[in-house]
Number of protein chains: 2
Amino acid sequence: MSKQLSGDLARADSLAREIFSDIANKWALLIIETIGDATKRFTELKVEVDGISHKMLTQNLRLLERNGLVVRVVHPTVPPRVDYTLTEPGQALRATVDAMCDWTQRYLGEIEEARSRFTG
Amino acid sequence: MSKQLSGDLARADSLAREIFSDIANKWALLIIETIGDATKRFTELKVEVDGISHKMLTQNLRLLERNGLVVRVVHPTVPPRVDYTLTEPGQALRATVDAMCDWTQRYLGEIEEARSRFTG
DNA sequence: CAGAATCCGCGTGGATACTG
DNA sequence: CAGTATCCACGCGGATTCTG
């Protein structure tokens, strides 16, 4: 089934590859996870995605917006307020990121052990 | 269910975060996809994971090996031959990467359209 | 063939300061 | 508060060379 897909990604279709490369970076994925099915403000994300810089947050939010994974709602109040929410494609991607998170949790022990065994 | 997990990743547990950061990069994921359930040689991977440099390939293979996601079998022949295979944790991760590939394929159109609509 | 090592440019990404 | 802009260091990552 994804024999085809993995082939496409590893080799050919430049659009699919470009999207994959955009998406497959830790900040983008962590932001998606953090928004979840909620609506979050910029500052909330800044706090909850720990370690992320102001710059990386805006940058990746723009990236996600550009690809239609999040919607950005600006409230013309003062002080300004901007809400971020996942779109349906974004939610669908989140499901797969959830799976990666589950994986991490599930194999935490094995990985830790593999590391200690690794004489590198 | 992954309310907890995403929280852990976004914030706290440094080990989980470290692993996630290791894994969530395009080269590592593409390599995992490319190995699949087969056994691949270094050169095969070099060819099939297109655009990857010699250096990035070795580097990421070491990373995956260190975390116990691939096994590296050296055949003491001349010229040397090295085989790479996914471990069980590696295979489990591959399943989630497959999901990401499916997602990319599924939403290709939406994303393309979102991009053209995006006035940035 | 697999990979270690070296050199080095360029982009990533942090810190800071400034607008609306 | 959210976002843009500027500056700059550091490290990613490519190209090349050298071993076993």
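Residue numbering restarts at 1 for every chain, and letters A, B, ... go by the order of the sequence lines. If you're wondering where the values come from, they're calculated on a predicted model, not measured in any experiment.
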Flag for B/Glu44-B/Tyr84: side-chain donor and acceptor within less than 3.5 Å: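 The criterion, which ignores hydrogens and geometry beyond distance, is not satisfied for B/Glu44 and B/Tyr84.
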
In whole angstrom, what separates [X]'s [atom1] from [N]'s [atom2]?
| X | N | atom1 | atom2 | answer |
| --- | --- | --- | --- | --- |
| B/Leu45 | C/dC1 | CG | P | 14 Å |
| B/Lys46 | C/dA4 | NZ | P | 16 Å |
| A/Leu61 | D/dG3 | CG | P | 7 Å |
| A/Glu44 | D/dC1 | CD | P | 12 Å |
| A/Arg81 | D/dG3 | CZ | P | 12 Å |

When you look at A/Arg17 and B/Asp50, which way does the salt bridge (charged side-chain N to carboxylate O under 4.0 Å, His left out) test go after all the steps? CA-CA 10 Å; A/Arg17 264 300 287 275; B/Asp50 106 343; 3.3 Å; yes

To the nearest 0.5 Å, tell me how far [X] [atom1] sits from [Y] [atom2].
| X | Y | atom1 | atom2 | value |
| --- | --- | --- | --- | --- |
| A/Ile32 | A/Thr96 | CD1 | OG1 | 8.0 Å |
| A/Trp27 | A/Gln59 | CH2 | CD | 12.0 Å |
| B/Thr87 | A/Ile111 | OG1 | CD1 | 9.0 Å |

For DNA chain C, which residues of residues 62-72 of chain B approach it to below 4.0 angstrom with any heavy atom?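 Under 4.0 Å from DNA chain C: B/Arg62, B/Arg72.
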
Mind listing the closest non-hydrogen atom pair of A/Val74 and A/Pro76 along with its distance?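 Shortest heavy-atom contact: O-CD, 3.6 Å.
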
If you take all heavy atoms of A/Lys40 and A/Thr34, which pair is closest and at what distance?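 Where A/Lys40 meets A/Thr34 most closely, the heavy atoms are CE-O, 3.3 Å.
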
Strictly below 4.0 Å: does B/Tyr84 bring a side-chain N or O up to OP1 or OP2 of C/dC1?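 B/Tyr84 to C/dC1 OP1/OP2: no side-chain N or O under 4.0 Å.
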
Sugar-phosphate or base contact per nucleotide [nucleotides 13-20 of chain D; S, B, -; heavy atom under 4.0 Å]: BBB----B

Working for salt bridge (charged side-chain N to carboxylate O under 4.0 Å, His left out), residues B/Glu65 and A/Arg115: CA-CA 9 Å; B/Glu65 188 190 2; A/Arg115 286 184 173 191; over 6 Å; no

